[in-house]
Every structure is written in structure tokens, then in C-alpha cells.
Amino acid sequence: MELQKFYMGEAFDAYEYFGAHPDESGVTFRTFAPSAHRITVTGEFNGWTEEPLEQMGRSGVWEGHSESAKPGQMYKFCIYGNNGRMEHCDPFGFGMELRPGSASIIRDLTEYKFTDEGFLSGRDAMTSP
């Protein structure tokens, strides 16, 4: 994703960059908080203790990797700014805890395979001139 396009509101693939993204070695967390002084991630994978994220230059993008995080586990961001500390769900989270909870849930987006090719091709055939 091009950050300049994100800043201009023209990035339609931001979900592929921000949020919690599992890989073979754990989960990478990214969020955008340009006014934050510090951001940490806390969740089931670290006993709800805070692990720091690092700001990528002065971009407002914060990133961190946890080797112990796995899909299905809950997490939150702790944002430190001028108004103190605030726990926040992931605005690009792919799963959410049910109310009254407010944690995000790590999801592996590659696990689900769509099986609606037949429906889509039939729908497209009906709408074609």
C-alpha cells in the first residue's frame, strides 16, 4: 500500500496493510495514530501485558510483531497521547469481541475460501447486455 494514497483517502487496500496479519512467525500489528506518543498491543497472547509498537519514521504508522500471537486470540491497542492512556479496538480489525467487550480478534483471512463462483457467473450472465 502506498502511504501517500492512504493519507489522501485514495487507498482502497489499506485493510491489507493495517490490522493484525498472521504469518509463519506470529502476527504483525499495524495501526495509524499520528498524534500518539506511544502505542502498545495487549492481548491473550501476552497475558494482557503491553508490548510496544514502533512508529515508522514520522508517518503516524505504528508496527510491531508478536511471535506468540495466533489467530482466534483477542487483542487491543493501548494508545498514549495528550489525554493519557486509552485502550482501543483495532479500527482495521477483522473480528470483534461481543458486547459489552471491546477487543479485536486476530483472524487469518486466508482460511476462508469463497464458493460462490456459480452464483456470481450466473448473476453476471443475467446482467450482461
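Looking at Y75 and N46, their side chains never come closer than 4.5 Å, going by heavy atoms from C-beta outward. Looking only at side-chain heavy atoms (C-beta outward), F119 and F114 stay at 4.5 Å or farther from each other. When side chains are defined from C-beta on, F45 counts as touching E51, because their heavy atoms get closer than 4.5 Å. Contact check for N82 versus S35: no side-chain heavy atoms found under the 4.5 Å cut-off. Put simply, the side chain of C78 reaches to within 4.5 Å of the side chain of E87, judged on heavy atoms. Under the 4.5 Å side-chain criterion, counting only non-hydrogen atoms from C-beta, V41 is not in contact with S66.
Checked against the 6.0 Å centroid criterion, the rings of F18 and F77 do not qualify as a close aromatic pair. For F6 and Y17, the ring centers sit 6.0 Å or farther from each other.
Cluster annotation: Y7 is connected to M56 through the hydrophobic network of ILVMFWY side chains, with a link wherever side-chain heavy atoms come within less than 4.5 Å. When hydrophobic clusters are built by joining Ile, Leu, Val, Met, Phe, Trp and Tyr residues whose side-chain heavy atoms come closer than 4.5 Å, directly or via intermediates, I39 is not grouped with V61. Two different hydrophobic clusters hold L53 and F32 under the rule that ILVMFWY side chains link at heavy-atom gaps under 4.5 Å. Side-chain heavy atoms closer than 4.5 Å link hydrophobic residues (I, L, V, M, F, W, Y) into clusters, and following such links, possibly through other members, connects L109 to M1. I79 and M74 are assigned to two separate hydrophobic clusters, defined by single-linkage of ILVMFWY side chains at heavy-atom distances under 4.5 Å.
Of the possible polar contacts, none joining the K70 side chain to the E67 backbone as a donor-acceptor pair under 3.5 Å is found. Between the side chain of Y80 and the main chain of T40, no donor-acceptor pair closer than 3.5 Å is present. With hydrogens and angles ignored, the 3.5 Å screen pairs a side-chain donor or acceptor of S104 with a backbone N or O of D90. The closest donor-acceptor contact from the side chain of E50 to the backbone of T42 lies at 3.5 Å or more, if one exists at all.
Contact record, Q55 with G60: OE1-N, 3.0 Å, taken as the closest heavy-atom pair. The two residues V27 and A69 make their nearest non-hydrogen contact at CG2-O, 3.5 Å. Taking both residues in full, the closest heavy atoms of G72 and R107 are given as CA-NH1, 4.3 Å, listed atom of the first, atom of the second, then distance. Summarising the geometry of S102 relative to K76, their closest heavy-atom pair is OG-NZ, 3.2 Å, with the distance given to 0.1 Å.
Annotation: D23, atom CG; neighbour count of heavy atoms from other residues, nucleotides and ligands within 6.0 Å is above 12.
The CZ atom of R38 sits 10.0 Å away from the CD atom of E54 when rounded to the nearest 0.5 Å. Note: Q73 CD to S68 OG = 7.0 Å, rounded to the nearest 0.5 Å.
Across E63, H21, H65, a single residue satisfies side chain to side chain donor-acceptor pair (under 3.5 Å) together with R30, and that is E63.
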